[in-house]
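Note sheet for the following structure.
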Amino acid sequence: MNNKLKKDFYTRNVLAVAKDLLGKIFVYQESENSEKLMARIVEVEAYDGNIDEAAHTFIGKTERNKIMFEEGGFLYVYFTYGKHFCANIVTGVKDHGTAILLRGMEPISGINKYAFNRFAKREITEKEKINLLNGPAKICQAFNLDRKFNGTNLIANKIYLLNSDKIPGDKIVQTTRIGIKKSVELPWRFYIKDNKYVSKLAK
DNA sequence: ATCAAGATTACCT
DNA sequence: GGTAATCTTGATA
C-alpha cells in the first residue's frame with residue numbers, strides 16, 4: 001500500500017535515477033486533508049556539475065545551488081527568466097552537485113487545480129490538458145511550486161514519489177537537452193516514447 | 001553599485 | 001520559426 005520511493009532510490013548516480021524516474025508518480029499534498037495532486041513523470045533532464053558546464057553546480061557551491069550538494073532526496077527549485085520556477089530532484093551522495101530537471105508530466109489527479117493555476121479556469125479542452133504540465137516552468141505553475149519549496153525533503157509526506165513498473169529500455173528515448181548553450185552535446189534528456197505530454201520531440 | 005545571462009513561455013508571423 | 005517579457009543571481013568594481 002505504501003510504495004513511496006525511499007532515500008536509496010535518490011542517492012544513486014544521476015543518470016541511473018533519471019532513467020528510473022520515467023513513469024514514477026509525483027505526489028503533492030499540501031496538508032493532511034487536502035486533495036492529492038498526482039502526475040506521471042514522462043520527461044526529465046540530468047545535470048552533473050562535475051563534468052557538465054550547463055549545470056548550475058559547475059561553478060561550485062553558491063547560495064542558490066547549495067541544496068544540490070546535499071545527498072539525494074531533496075527538491076531543488078530555482079527562479080529564472082524573471083518569471084519562471086523550475087523543479088529538480090537532487091540525486092547522488094553528499095557534495096556531488098547533481099540533480100534532475102522535471103520537464104514533462106501526464107496529469108493523473110488534480111486536473112481542475114492545474115487548470116486553475118495555469119489558465120485561471122477549471123474547465124479545459126483536451127488540447128489545454130496536454131498543455132498543463134508539458135514544460136518545466138509549466139509544472140511549477142500548475143503545482144504552485146515556488147522558492148518556498150526549495151529544499152523540500154522527498155522522504156516526508158508533502159511531496160514524494162510513488163514507485164511504478166520500470167519503463168522498458170525500448171520505450172525510452174535518450175537525446176540532447178533543451179534550452180542550454182553549454183555542454184549541448186551531452187545526451188542527458190530522457191523521455192517516454194510516444195507520450196503526448198513530452199514537451200519537445202527529438203529531431 | 002552595476003551588469004549580463006538565464007535548465008522558459010506565450011504570442012506573433 | 002522568431003522574439004519580447006521580466007528579475008534574480010553571481011560576478012566584478
Side-chain angles (χ1 to χ4, degrees), chain A residues 10 13-15 17-19 21-22 26 39 41-70 72 74-92 96-107 114-121 124-152 154 159 173-192 196-203:
Chain A
Y10 301 101
N13 172 270
V14 64
L15 293 174
V17 180
K19 219 175 288 188
L21 272 181
L22 296 176
F26 181 91
I41 298 171
V42 304
E43 179 189 359
V44 299
E45 281 176 1
Y47 288 86
D48 179 349
N50 300 291
I51 53 173
D52 168 15
E53 292 189 68
H56 289 168
T57 46
F58 186 74
I59 57 173
K61 192 187 279 191
T62 67
E63 186 56 33
R64 173 169 76 154
N65 69 25
K66 61 185 180 188
I67 192 67
M68 276 182 72
F69 288 96
E70 290 303 312
F74 292 97
L75 209 59
Y76 168 45
V77 181
Y78 67 87
F79 184 74
T80 190
Y81 289 107
K83 236 183 239 182
H84 305 295
F85 291 97
C86 296
N88 303 251
I89 307 287
V90 176
T91 62
H96 259 208
T98 56
I100 298 161
L101 175 68
L102 300 173
R103 283 203 61 96
M105 292 188 191
E106 174 174 348
Y114 308 142
F116 183 76
N117 291 339
R118 292 266 300 125
F119 310 126
K121 60 180 183 181
I124 54 170
T125 64
E126 201 55 31
K127 196 175 170 187
E128 286 170 322
K129 184 180 169 187
I130 288 173
N131 199 20
L132 287 175
L133 305 174
N134 63 341
K138 296 178 186 179
I139 289 170
C140 284
Q141 189 185 16
F143 281 92
N144 230 334
L145 300 178
D146 60 22
R147 60 184 92 255
K148 293 194 302 290
F149 291 84
N150 187 44
T152 300
L154 301 173
I159 296 178
V173 177
Q174 177 169 6
T175 182
T176 51
R177 298 172 296 178
I178 294 178
I180 53 172
K181 296 207 171 73
K182 304 173 208 159
S183 297
V184 292
E185 72 290 348
L186 293 174
W188 286 359
R189 185 162 74 105
F190 300 89
Y191 65 83
I192 298 179
K196 292 188 292 190
Y197 300 89
V198 171
S199 68
K200 189 170 184 230
L201 300 180
K203 49 181 190 309

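Every chain is numbered from 1, with letters handed out A, B, ... down the list of sequences. In this text, all values refer to a predicted model and were calculated from it rather than measured experimentally.
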Distance in angstrom units between A:Trp188 CH2 and B:dA7 C1', rounded: 13 Å
Face-to-face stacking of A:Tyr81 with B:dT8, centres under 5.5 angstrom, angle under 30°: yes
Presence of A:Lys181 side-chain N/O under 4.0 Å of B:dG6 phosphate oxygens OP1/OP2: yes
Nearest-angstrom distance from the residue atom CD of A:Glu63 to P of C:dG10: 7 Å
Base partner of C:dT6, which must satisfy Watson-Crick or wobble distances under 3.5 Å: none
More than 12 heavy atoms of other groups within 6.0 Å of A:Glu185 CD: yes
Nearest-nucleotide comparison on DNA chain B, the residue closer to the 5′ end among A:Gly135 and A:Gly82: A:Gly82
Whole-Å gap separating P (B:dT9) and CD (A:Glu128): 17 Å
For atom CG of A:Leu101 and atom P of B:dT8, their distance in whole Å: 7 Å
Option from A:Val90, A:Val17, A:Asp48 for which side chain to side chain contact (heavy atoms under 4.5 Å, CB included) with A:Ile100 holds: A:Val17
Presence of A:Thr62 side-chain N/O under 4.0 Å of C:dG10 phosphate oxygens OP1/OP2: yes
Separation of atom OH in A:Tyr47 from atom C1' in B:dG6, rounded to whole Å: 11 Å
Sugar-phosphate, base or nothing in reach of A:Ala137, heavy atoms under 4.0 Å: sugar-phosphate
Distance (rounded to the nearest 0.5 Å) between A:Leu102 CG and A:Leu145 CG: 9.0 Å
d(CG, A:Asn65; P, B:dG6) in whole Å: 16 Å
Pair A:Phe143 + A:Tyr114: ring centers closer than 6.0 Å: yes
Whole-Å distance separating the CG atom of A:Asn150 from the P atom of C:dT8: 15 Å
Residues A:Asn131 and A:Lys127: side-chain donor-acceptor under 3.5 angstrom: no
Between P of B:dA7 and CD1 of A:Ile139, the distance in whole Å: 16 Å
B:dA7 base stacked by A:Tyr78 (centroids within less than 5.5 Å, tilt under 30°): no
Under 4.0 angstrom between A:Arg103 side-chain N/O and B:dT8 OP1 or OP2: yes
Phosphate-side-chain proximity, A:Arg64 and C:dC7, N/O vs OP1/OP2 below 4.0 Å: no
Pairing partner of B:dA7 (Watson-Crick or G-U wobble, both distances under 3.5 Å): none
Side-chain N,O (A:His56) to OP1/OP2 (B:dA7) below 4.0 Å: yes
Candidate nucleotides B:dT9, B:dG6, C:dT9, ranked by approach to the side chain of A:Thr80 - the nearest: B:dG6
cation_pi(A:Arg64, A:Tyr78) dist<6.0 Å, angle<=45: yes
A:Arg118 vs B:dA10: side-chain N/O to OP1/OP2 distance below 4.0 Å: yes
Listed nucleotide nearest any side-chain atom of A:His84, set B:dA7, C:dA5, B:dT8: B:dT8
